[in-house]
Each structure stands twice: as structure tokens, then as C-alpha cells.
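Remember, it's 1-based here, ligands and their atoms both numbered in the order they're listed. From a predicted model like this one, the values you see are computed outputs, not experimental measurements. Values below: every heavy atom of this structure, side chains too, minus hydrogens, waters and symmetry copies.
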Amino acid sequence: MQLKNTQNRFGAIAMLLHWIMALIMIGMIILGLYMVTLPISLHKLKYYGWHKEWGVLILMLATVRLAWRFSNTVPSLPPQMPKWEQLAAHGMHYVFYGFMFALPITGWMLSSAAGLPVSFFGLFTLPDLIAASESSRLLLTQIHKWLAYGLIAAICGHVGAALQHHFFNKDDILRRMLP
Ligand code: HEM
Ligand code: HEM
């Protein structure tokens with residue numbers, strides 16, 4: 001298997017980043033939605049800590065992934081695919097890149113606004129992005145939550161489209177993102 005993408009399929013690096021990040025981001029949504037419902041406890045704090053460090057990992061992986069995408073060809077979509085669908089697919093991929101950065105950054109900002117540090121697996125602590133402020137914390141929490149809801153909707157559309165291509169159009173859109 002090739003490391004780099006070709007005109008026809010994604011390479012090993014793009015696939016690895018896609019599936020690892022998909023797994024972590026879906027886990028982050030589930031953990032995020034669950035942890036906010038818990039009463040204040042050591043468990044809740046532990047889950048917040050996990051959510052923050054894995055979220056920072058997403059931010060780092062997103063940077064690597066964006067750099068890799070720009071230094072590679074992106075496999076072209078099947079020529080028989082209508083123009084609007086090609087535009088929608090590409091547009092959606094950019095929206096996903098937006099989520100990969102916007103979610104961790106707003107999460108980091110809302111932690112700073114809450115006056116709480118963000119540690120990266122105990123290795124180092126990230127600097128505060130903004131000053132502590134209750135009004136900023138409330139606003140950023142809302143933005144972070146609605147971004148997450150947007151991500152959930154985008155994932156549903158994206159998975160739906162991938163399955164439609166595989167089972168109805170019977171093209172190799174899904175296969176080319178698989179080893
Ligand atoms: C891909 C990355 C991320 C995703 C998908 C994500 C998703 C979520 C979700 C679904 C919630 C629950 C929202 C609610 O129902 O109120 C949440 C809450 C939260 N997230 Fe994230 N998050 C991400 C990254 C981060 C990062 C990097 C941080 C901090 C460094 C962070 C900090 C928080 C905090 C502190 C809350 C709780 C807010 C509250 O107490 O109301 N998140 N996140
Ligand atoms: C948080 C979850 C996900 C995110 C953020 C995401 C993001 C992306 C992005 C940005 C691309 C464009 C290629 C690239 O630049 O890397 C892509 C392609 C793709 N994704 Fe996802 N994805 C997610 C989950 C999934 C899941 C669960 C499936 C399972 C069906 C899936 C199937 C695909 C396929 C088949 C492609 C290739 C499309 C093509 O051939 O052009 N993705 N995804």
C-alpha cells in the first residue's frame with residue numbers, strides 16, 4: 001500500500017489519520033454529552049480531564065492532517081458524479097476540517113475562560129488562550145456545544161453518503177478510504 005494518495009485512492013497516511021480521528025472524535029462527542037450530565041464528583045473531573053487531553057490530541061492531528069492534505073493529490077471524484085454532488089462532497093470535507101480545529105480551540109478557550117488549565121496527558125500544560133471570565137465561559141460553552149451538534153449532523157450526512165455510494169451507486173468511494 002502506498003503512503004501517499006494517488007489520483008484513484010487515499011494512501012496509508014490519509015487513511016490512518018481519517019479513521020483514528022473519526023474514532024476519537026465520535027468518542028469525544030459521546031464522552032462530552034455524558035460528562036456534562038454528571039453531578040460534581042471525582043468521576044466528572046476525571047472525564048473532563050480526558051475530554052480535554054484527547055481534544056488537544058485532535059487539534060495536533062488536525063494540523064498534521066491538513067499539512068498532509070495540502071502536500072498530496074486528493075483523489076478525484078468519479079467523472080459520472082453530478083457537478084453539484086462533487087461540490088457538496090468537497091464542501092463537506094472542508095467543513096470537517098473546520099470542525100477539527102474549531103471544536104478543540106473553542107474547548108480550550110472555554111477552559112481558559114473558566115480559569116481551568118488544559119493538561120496534555122500530564123506531559124505539559126497549555127497556556128491560557130483568554131482571560132478568565134464568566135460571560136465568555138458561558139458564550140464559548142454554547143458555541144462549543146452547537147459546533148458539536150453540527151458535527152453530529154455532518155457525520156450522519158457523511159456516513160449516509162458513503163453508504164449510499166457503496167450500496168446503491170456501487171462505486172469505490174468507500175473502498176478507496178479502506179485498506
Ligand atoms: C473534537 C474535539 C471535541 C469535541 C467533538 C467535543 C465535544 C463536546 C461535547 C459534545 C460536549 C458536551 C456539550 C454539552 O452538551 O453541553 C463538550 C463539552 C465540553 N468540552 Fe468539548 N469537545 C472537543 C474538544 C474539546 C477540547 C480540546 C476541550 C478543552 C481543552 C474541550 C472542553 C470541553 C469542556 C470543558 C466541556 C464542558 C462544558 C460544560 O461544562 O458545559 N472540548 N465537548
Ligand atoms: C468525525 C468523523 C469523521 C470526520 C471528521 C471525517 C472527515 C473526512 C474528510 C475530511 C474526508 C476527506 C478526505 C480527507 O481530506 O481526509 C473524508 C473522507 C471520507 N470519509 Fe470521513 N470522516 C468521519 C467519519 C467517517 C465515517 C464514520 C465513515 C464511514 C462510512 C467515513 C467515510 C469516509 C469516506 C468513504 C471518505 C472518502 C471519500 C472520497 O473517496 O472522496 N468517514 N472524511
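Residue contacts with ligand 2 for W19 involve side-chain atoms from C-beta outward but no N, CA, C or O (heavy atoms, distance under 4.0 Å). In V74, neither the side chain nor the backbone holds a heavy atom less than 4.0 Å from any atom of ligand 2.
Of all atoms in ligand 2, listed by their number and element, those nearer than 4.0 Å to a heavy atom of L77 are 41 (O). Set against the non-hydrogen atoms of R69, the atoms of ligand 2 under 4.0 Å away are 14 (C), 15 (O). Of all the atoms in ligand 2, the ones that sit under 4.0 Å from a non-hydrogen atom of Y97 are 10 (C), 14 (C), 15 (O), 16 (O). Near L174, with a cut-off below 4.0 Å to any heavy atom, the atoms of ligand 2 are 35 (C). Residue R176 approaches ligand 2 through these ligand atoms, each under 4.0 Å from one of its heavy atoms: 39 (C), 40 (O), 41 (O).
Note on ligand 2: R65 sits in its first shell, one or more heavy atoms being nearer than 4.0 Å. Ligand 2 lies nowhere less than 4.0 angstrom from a heavy atom belonging to L17. Assignment of Y94 to the shell around ligand 2 is not supported, since no heavy atom sits closer than 4.0 Å.
Atom CD of Q2 has 12 or fewer neighbouring heavy atoms from other residues, nucleotides or ligands inside a 6.0 Å radius.
Annotation: the span from R9 atom CZ to D172 atom CG amounts to 8.0 Å, rounded to 0.5 Å. For the atom pair T73 OG1 and Q7 CD, the distance stands at 5.5 Å (nearest 0.5 Å). Atom-to-atom distance recorded for R176:CZ and T6:OG1 is 9.0 Å, nearest 0.5 angstrom. The CG atom of L3 sits 10.0 Å away from atom CE of M15, with the distance rounded to the nearest 0.5 Å.
Below the 2.8 Å limit, atom 21 (Fe) of ligand 2 has as protein N, O or S neighbours H18 NE2, H158 NE2.
Of the possible polar contacts, none joining the S112 side chain to the D128 backbone as a donor-acceptor pair under 3.5 Å is found. A donor-acceptor distance shorter than 3.5 angstrom exists from the side chain of K44 to the backbone of L38, with no hydrogens or angles considered. A side-chain donor-acceptor contact under 3.5 Å links W108 to the backbone of P127. Judged purely by atom type and a 3.5 angstrom limit, K170 uses its side chain to pair as donor or acceptor with the backbone of F167. One N or O on the side chain of K52 and one on the backbone of P117 form a donor-acceptor pair closer than 3.5 Å.
In terms of heavy atoms, N5 sits closest to P75 at ND2-CD, 4.1 Å.
Cation-pi contact between R175 and F10: absent, since separation from the ring centre below 6.0 Å together with deviation from the ring axis within 45° is not met.
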Distances for all N or O pairs of ligand 1 and the protein under 3.5 Å?
{"residue": "ligand 1", "atom": "20 (N)", "partner": "H51", "partner atom": "NE2", "Å": "2.9"}
{"residue": "ligand 1", "atom": "20 (N)", "partner": "H144", "partner atom": "NE2", "Å": "2.9"}
{"residue": "ligand 1", "atom": "22 (N)", "partner": "H51", "partner atom": "NE2", "Å": "2.7"}
{"residue": "ligand 1", "atom": "22 (N)", "partner": "H144", "partner atom": "NE2", "Å": "2.9"}
{"residue": "ligand 1", "atom": "40 (O)", "partner": "Y48", "partner atom": "OH", "Å": "2.7"}
{"residue": "ligand 1", "atom": "42 (N)", "partner": "H51", "partner atom": "NE2", "Å": "2.9"}
{"residue": "ligand 1", "atom": "42 (N)", "partner": "H144", "partner atom": "NE2", "Å": "2.9"}
{"residue": "ligand 1", "atom": "43 (N)", "partner": "H51", "partner atom": "NE2", "Å": "2.8"}
{"residue": "ligand 1", "atom": "43 (N)", "partner": "H144", "partner atom": "NE2", "Å": "2.8"}

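The closest side-chain donor-acceptor pair between E85 and H90, if any, does not fall under 3.5 angstrom.
The aromatic rings of H18 and H158 lie tilted to each other, with the angle between the two planes from 30° to 60°.
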